[in-house]
Amino acid sequence: GSSDGGSEEAEGNGNDNSNGEEAAGDDFSVAMVTDVGGIDDKSFNQSAWEGLKAFGEENGMEKGQGIDYAQSASDADYNTNLNRLVRSDYNLIYGIGFLLAPAIEEVADQNPDTNFGIVDSVVEKDNVASIVFKEHQGSFLVGVAAAMKTESDKVGFIGGVDSDLINKFEAGFRAGVKSVNKDIEVKVQYAGAFDAPDDGKAIASNMYSQGIDVIYHASGGTGNGVFAQAKDLKQNDADRNVWVIGVDRDQHEEGQINDTNVTLTSMVKRVDVAVQDVSTNAMNGEFPGGEVVEYGLEDDAISVATTNEEAMTDDIKTAVEDWKEKIVNGEVEVPSTIDEVKEFEDSL
Amino acid sequence: MSYVIEMLNIRKEFPGIVANDNITLQVKQGEIHALLGENGAGKSTLMNVLFGLYQPEKGEIKVRGESVKITDPNVANRLGIGMVHQHFMLVDTFTVTENIILGSEPRKKGTVDIKKAEKEVERLSQLYGLRVDPKAKIRDISVGMQQRVEILKTLYRGAEILIFDEPTAVLTPQEIKELIEIMRVLIREGKSIILITHKLKEIMQVCDRCTVIRKGEGIGTVNVPDTNPNELASLMVGREVTFSTEKQPAQPKEVTLAIQDLNVKDARHVDMVKGLNLKVNAGEIVGLAGVDGNGQSELIEAITGLRKVDSGEVMLNGKSITNLTPRKVTEAGISHIPQDRHRFGLVLDFPIGENMVLQTYHHEPFSKKGVLRYKEIYNKAKALIEEYDVRTPSVYTKARALSGGNQQKAIIGREVDRSPDLIIAAQPTRGLDVGAIEFIHKKLIEERDKGRAVLLLSFELDEIMNLSDRIAVMFGGSIVAEVKPEDTTEQELGLLMAGSKQQKAGGQ
Amino acid sequence: MFSNRLVNILIPLISVFLGLLVGAFIMLGFGYNPLTGYLSLWEGAFGDSYFFGETLRQVTPYILSGLAVAFAFRTGLFNIGVEGQVIMGWLASVWVGLAIDAPMIIHLPLAILAAALAGAAWGFLPGLLKAKLGVHEVIVTIMMNYIALYTSNALVRNVISDGQDRTERIPETASLTSEWLAALTQYSRLHYGLLIALFAAAIMWFILNQTTRGYELRSVGFNQDASRYAGMNVGRNIILSMVISGAFAGLAGAMEGIGTFGYQSVKGGFTNIGFDGIAVALLGGNAAVGVVLAAILFGTLKVGALNMPTSAGVPTELVDIVIAMIIFFVASSYMIRWFLLKMKKEGK
Amino acid sequence: MGFLDILQSIIGPAIFFSAPLILTAIGGVFSERSGVVNIGLEGLMVMGAFVGIVFNLTFIDTFGSWTPWVSIFVAMIISAIFSIIHAIASVTFRADQVVSGVAINFLALGLGLFLTKQWYDKGQTDMVSRPFYTTDVPLLSDIPIIGPLFFSGMYLTSYVAIALAFVGWYVLYKTPFGLRLRSVGEHPMAADTNGINVSRMRYVAVMISGAMAGLGGSVFALTIALNFSHSTIVGQGFMSLAAVIFGKWHPLGAMGAALFFGFAQSLSIISSGVPLLQDVPQVFLLIAPYVLTILALAGVIGRAEAPKAIGTPYIKGSR
Ligand SMILES: Nc1ncnc2c1ncn2[C@@H]1O[C@H](COP(=O)(O)OP(=O)(O)OP(=O)(O)O)[C@@H](O)[C@H]1O
Ligand SMILES: Nc1ncnc2c1ncn2[C@@H]1O[C@H](COP(=O)(O)OP(=O)(O)OP(=O)(O)O)[C@@H](O)[C@H]1O
Ligand SMILES: [Mg+2]
Ligand SMILES: [Mg+2]
């Protein structure tokens with residue numbers, strides 16, 4: 001942080017009012033509100049901000065001048081933060097995370113002249129662009145990788161809180177695994193919280209001890225415990241086959257132990273790509289208001305990390321690429337809910 | 001003749017009050033020196049100064065002729081000064097030995113050498129005739145034994161000068177006798193003693209000299225053999241004091257309290273009251289005599305609904321009040337001046353005014369439809385405080401800030417004012433000075449004369465003999481004898497209380 | 001120079017001042033301008049009618065959770081379970097809001113009542129265990145918090161909604177929101193709950209200080225033996241105290257459920273309204289008026305803090321440090337009192 | 001799964017869950033036994049986690065494989081120093097100890113996150129590259145049944161925690177220091193008249209609780225969370241406080257209670273794999289540890305007697 005941020009900000013606000021209302025080009029400004037994870041959650045909040053920064057860089061803006069964010073400490077802060085940014089005359093304001101959907105809905109209603117974007121949820125309003133991701137597609141692909149990697153034919157999925165969004169990850173993953181080999185067992189467990197690394201570790205410990213050798217986690221901070229457990233096993237037995245699949249961004253760094261790495265791959269969700277894309281469109285007067293913009297494999301907004309070159313062998317990479325093809329060209333319809341995945345599994 | 005202790009012109013202030021003002025106390029080697037004064041006169045404060053708990057604003061302290069600064073109890077210990085406090089300084093959950101060695105423990109490889117400590121305690125208790133069980137927990141032993149532990153604590157630290165702050169207030173007559181014996185042994189062993197007590201008889205009995213203080217000021221020192229209780233009392237109070245309370249013979253009427261075959265267990269399911277029968281008539285005071293621990297407390301708790309009756313019956317005015325709740329018992333017409341005024345008698349953090357309606361707050365005029373009426377409450381409180389001479393800055397003062405004597409007067413005022421049929425007074429004068437005692441005794445007799453029944457529990461034979469119209473002696477959970485005070489002597493009563501008419505007292 | 005009364009008023013003021021002073025030094029130490037920092041905090045809380053409205057909205061649940069903790073404290077109990085009681089109250093108000101179809105005059109009071117009852121029920125068990133078995137209320141209430149969190153999540157997901165992450169929005173008939181207040185404060189979420197909270201503070205004062213019931217509760221809080229001696233039913237008073245405390249907490253939940261949010265969602269962690277209530281109560285000296293004032297201070301700092309990173313670059317956590325220091329100084333009032341006394345003496 | 005496997009998969013997690021709680025609770029016992037309530041355990045754990053992680057990240061190159069051990073040691077020292085704030089408030093300034101503890105909780109989290117943002121320019125630190133790892137204890141792990149259950153795949157810090165519980169018991173119940181400390185919590189004036197410095201004793205006790213909570217927090221961070229963020233320590237301090245009371249203010253009791261919590265937690269996680277319990281709705285498994293605790297309290301443990309003088313500042317000469 002810098003001590004003179006305040007004055008800069010004040011200037012930025014004070015001046016761009018005088019120019020008039022619907023700004024374009026130079027006067028265009030974008031901001032975002034994080035959910036309780038905060039701007040540096042190493043996950044989608046951080047990714048979104050990176051997208052905004054990239055957008056800013058392209059257009060000669062920086063924090064406090066053209067782009068900015070507001071952090072939320074609790075659910076009650078979303079509205080306040082959104083309104084604060086509205087009051088600062090930002091043209092486009094993102095709510096990052098499905099938790100902000102109700103707040104966006106309300107504030108968008110009250111401020112029809114401002115444009116909003118909601119990430120990971122759908123809000124049907126003319127001045128709101130709903131940005132969603134096809135996490136199930138990415139999860140499908142890491143499921144493929146898991147199925148190819150497992151030696152015990154047992155893989156695991158650890159979710160944070162049992163919710164629609166996380167179910168989407170589970171569904172895609174299960175479908176991916178089963179598509180490769182329907183005899184592979186997928187064990188699913190939800191920790192009940194996104195901030196319980198101890199539970200994450202215990203669940204992982206239990207799964208690994210049951211012979212599961214690949215675990216895909218979609219559980220935020222709870223996942224820290226999963227990495228801790230995998231690395232511990234690796235430390236004790238360098239030859240043991242234990243893998244974690246990361247989520248949201250490339251969690252390669254988290255898996256590093258000595259000179260090997262337990263992160264097989266990660267389901268990377270490029271919130272930054274989406275945010276940058278929507279912002280650019282909006283600046284050019286093509287704001288997708290009222291639309292649901294879906295980002296998926298085809299936009300490179302969902303991808304599978306291949307940082308761990310040793311682990312992601314060529315045949316895995318090839319298989320992943322093949323399935324990706326099939327998904328992108330519509331040959332395979334990836335299920336996105338628990339009901340759908342059950343149907344999907346039955347159809348195999 | 002040399003002085004072991006000289007406190008010269010001591011002044012000690014508390015915020016807003018001068019507790020000690022220019023007091024001089026000189027104690028000779030080998031004497032028992034009494035310190036006498038009303039409640040709040042400043043005795044404890046003076047002794048706490050000597051023991052290093054308080055620092056005096058002015059004055060000099062000399063020990064064996066040398067001027068010293070006693071900055072904390074450690075220094076006092078080193079100088080050979082030990083103190084047995086008015087309120088015992090014992091850790092309830094520790095054993096006797098642990099309490100005695102606390103702060104100067106014998107060690108073995110960094111641990112407490114408890115074996116050695118126990119041996120030392122045994123040795124000291126043999127030497128001075130202080131019977132204690134080294135392994136017992138404090139909370140399981142009698143008050144008398146606790147006091148012996150306190151004395152052992154000072155001896156263990158090699159005290160040569162012992163301060164006793166009101167040691168007899170909490171003891172039974174038997175225990176007092178033992179204590180006096182112990183003090184004589186201590187003197188024989190070359191110790192010196194400062195004794196604080198309100199009981200003039202004890203001073204006359206054991207002390208060599210007596211220093212009197214009044215309202216924080218030293219009045220003077222007298223040779224005990226050259227004086228008498230009346231002189232001491234008037235020195236202390238500043239006026240003449242009458243001792244034995246004057247009263248007319250009782251005129252007992254109908255039976256108010258009738259107890260039949262009562263059995264009560266204590267918290268540990270031990271039978272404490274066994275097949276007890278007792279009657280108290282309107283217009284008489286029945287004194288309940290007995291050594292502490294013979295079921296008196298349980299009996300009173302059972303009558304007042306604080307403890308469950310196992311079997312038997314308690315009747316008030318012919319109606320059963322067995323196992324009613326305390327509230328129903330109260331409303332049936334019983335008042336209770338409890339033994340432990342801090343634990344039961346008062347909510348110390350309430351203003352004294354609110355304490356005056358502790359059982360009646362839910363009645364008119366103190367409340368109406370569940371809403372308190374403070375005006376009525378405080379009017380009542382003011383009236384009672386006036387009538388019962390409770391000295392307090394105001395009715396809004398927290399009960400905690402009053403002295404024990406004034407707290408007790410407030411409780412008595414509250415209990416008597418309800419016009420009950422039966423007043424149960426448990427040790428109503430414990431720890432109070434003669435002025436306060438006189439007042440309380442007068443009140444109880446007044447109530448008797450108004451036709452109320454009074455059940456008086458006391459460990460003071462004096463009080464029992466003076467006040468009672470009939471004495472019931474309690475031993476082992478039942479009433480073993482009923483006597484009239486005019487037909488008996490303290491001697492005989494003591495024997496009855498010990499559970500035997502034949503044997504000499506002290507043989508239990 | 002200082003009367004006793006004056007000292008009692010001065011102490012909290014001095015504490016707040018000292019707390020802010022410490023915050024200022026920290027800002028200075030890390031290269032921020034404290035003036036800018038605090039100015040942005042002020043702006044964030046009172047900058048315009050919107051923020052003022054939001055601050056008051058935030059104050060509302062704080063008053064009630066503070067009252068809950070304070071009420072228990074006054075009767076000798078430490079209710080750490082306010083957090084769980086808030087969650088249950090929140091849930092109940094929303095549930096009744098959704099499940100029942102009735103005109104506002106019935107529906108709204110019913111929803112509020114349900115919240116109070118749910119909170120009360122959550123306080124009842126610890127009270128009962130304390131009264132009957134002597135089980136320490138601190139442990140039981142801590143456990144009840146977790147049970148509330150998980151139970152509420154499960155109910156939201158499986159019973160009240162069908163498999164969603166949050167319930168529907170409650171209808172207008174069960175809502176505390178107010179067009180009028182919102183319009184007055186430029187669409188802040190200020191709602192009628194504030195009146196309920198203030199009324200509750202008056203109720204607490206009335207119950208404790210003006211009724212025979214309150215007399216009993218206070219008496220039991222100070223001295224159980226004397227209370228028994230005086231004919232009071234100690235066990236019943238302990239239970240009642242926890243029930244009333246829980247009811248206040250439940251109302252705090254309703255403020256969120258049918259006031260601020262209008263729905264209940266699956267929560268990844270605690271709301272902190274209950275935990276903050278402990279600080280509010282203690283800061284307010286466990287008295288009704290004190291709690292209201294402390295809640296105002298707390299709400300102001302919390303809402304104002306949101307503006308600090310944006311307009312002064314100062315992390316919001318600075319406010320937590322300031323709050324901690326204020327609590328610390330209030331707790332250490334003995335030192336301040338001593339200091340004032342010394343000044344008084346020297347003044348003479 | 002065989003019975004032994006199930007046991008093994010319960011006991012392992014139970015013990016690593018418990019270790020941080022055990023450590024923190026032992027400290028809590030010391031503080032409360034001296035008469036100082038410590039609601040601030042949560043904050044002290046936060047401080048421990050923060051220091052442990054930051055030190056580990058910063059000095060990894062200096063201390064190499066000893067880094068985690070040095071880290072928890074430093075966390076212990078810093079948390080002990082940090083806890084002096086609580087001691088000053090509640091002993092010297094006669095503050096309400098609950099209030100002061102609450103302040104500690106706010107302060108630790110606020111300070112930890114504030115400094116994280118200052119130093120790392122983000123809200124959470126990176127993951128440490130050298131946390132603690134489990135090991136098999138040589139020889140002992142070869143004992144049949146017992147070996148696999150209790151001596152393989154364990155963190156050494158867990159043994160440290162259990163050992164310290166016994167050390168805590170020894171110190172509190174066998175040494176002069178312990179006797180004095182307990183007397184200060186029961187009857188400070190008695191202690192004072194026996195020449196024991198009540199304030200100093202309480203300062204020491206509070207600092208011991210700071211040190212132990214620092215240890216607990218850093219062990220949690222370096223075995224389980226591996227980084228520091230606002231959600232690293234969420235409620236573990238309160239659970240430790242519960243363990244103190246549950247364990248009746250006794251170091252071994254507190255250890256037992258913490259192990260009970262760990263066991264219940266672990267059980268609820270493992271149950272989802274046990275055939276019989278597979279179809280039980282998940283919420284029942286989630287709340288099971290807490291319900292079990294309440295049942296245990298209500299059924300078996302019941303009334304616990306707190307140190308008599310707990311929560312009251314000692315003012316010389318008052319009664
Ligand atoms: N801790 C204290 N704080 C303020 N004032 C005190 C304190 N202790 C004693 N006092 C004051 O000092 C005076 C003397 O009290 P002290 O306890 O010495 O009386 P005492 O002679 O021992 O009385 P008693 O016979 O009742 O024991 C009291 O009247 C009281 O006003
Ligand atoms: N903490 C205190 N603050 C102010 N005054 C006090 C305090 N403690 C004691 N006092 C004063 O000291 C005086 C004597 O108190 P003390 O407790 O010695 O009375 P007492 O008659 O000896 O009662 P008891 O027999 O129960 O000890 C009282 O007048 C009281 O006002
Ligand atoms: Mg006295
Ligand atoms: Mg005295």
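In the text below, chain A, chain B and the rest are named by the order of the sequence lines, each starting its count at 1.
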Worksheet item: At what distance, to the nearest 0.5 angstrom, does CZ of C:R228 lie from OG1 of B:T304?
Response: 9.0 Å
Worksheet item: chain C heavy atoms under 4.5 Å from B:E354: which part of the residue, side chain, backbone, both or neither?
Response: both
Worksheet entry | CZ/B:R418: more than 12 non-hydrogen atoms of other groups inside 6.0 Å | yes
Practice prompt. Find the distance between OH (C:Y229) and CG (B:L358) and round it off to the nearest 0.5 Å.
Written response: 7.5 Å
Worksheet item: Is it true that atom CZ of C:F339 has more than 12 heavy atoms of other residues, nucleotides or ligands lying nearer than 6.0 Å?
Response: no
Practice prompt. Verify whether one side chain among C:E216 and B:Y361 offers a donor that lies under 3.5 Å from an acceptor in the other.
Written response: yes
Discussion item. Heavy-atom pairs under 4.5 Å with chain C - which of B:D340, B:T330, B:V357 has more of them than the others?
Written reply: B:V357
Discussion item. Taking CG in C:L13 as the centre, count heavy atoms belonging to other residues, nucleotides or ligands within less than 6.0 Å. Is the count above 12?
Written reply: yes
Discussion item. Looking at every heavy atom in both C:N209 and B:L372, which two are closest together, and how far apart are they?
Written reply: O-CD1, 3.8 Å
Fill in: Parallel, tilted or perpendicular, as decided by the 30° and 60° cut-offs, for the rings of B:F350 and C:F222
perpendicular
Item to complete: For the residue pair B:Y374 and C:Q210, establish whether any side-chain heavy-atom pair is separated by less than 4.5 Å.
Response: yes
Worksheet item: How long is the gap from CD on C:Q224 to CZ on B:R343, to the nearest 0.5 Å?
Response: 10.5 Å
Worksheet item: With only heavy atoms counted, which part of B:L346 is less than 4.5 Å from chain C, the side chain, the backbone, both or neither?
Response: backbone
Item to complete: Below 4.5 Å from any heavy atom of chain C, which atoms of B:V329 appear? Answer side chain, backbone, both or neither.
Response: neither
Item to complete: Go through C:N233, C:N223, C:D225 and name the one with the most non-hydrogen pairs under 4.5 angstrom from chain B.
Response: C:D225
Worksheet, complete the sentence: Here the pair of heavy atoms bringing B:P326 nearest to C:G231 is CB-CA, 4.0 Å
Practice prompt. Would you mind reporting whether B:V371 and C:F206 have side-chain heavy atoms less than 4.5 Å apart?
Written response: yes
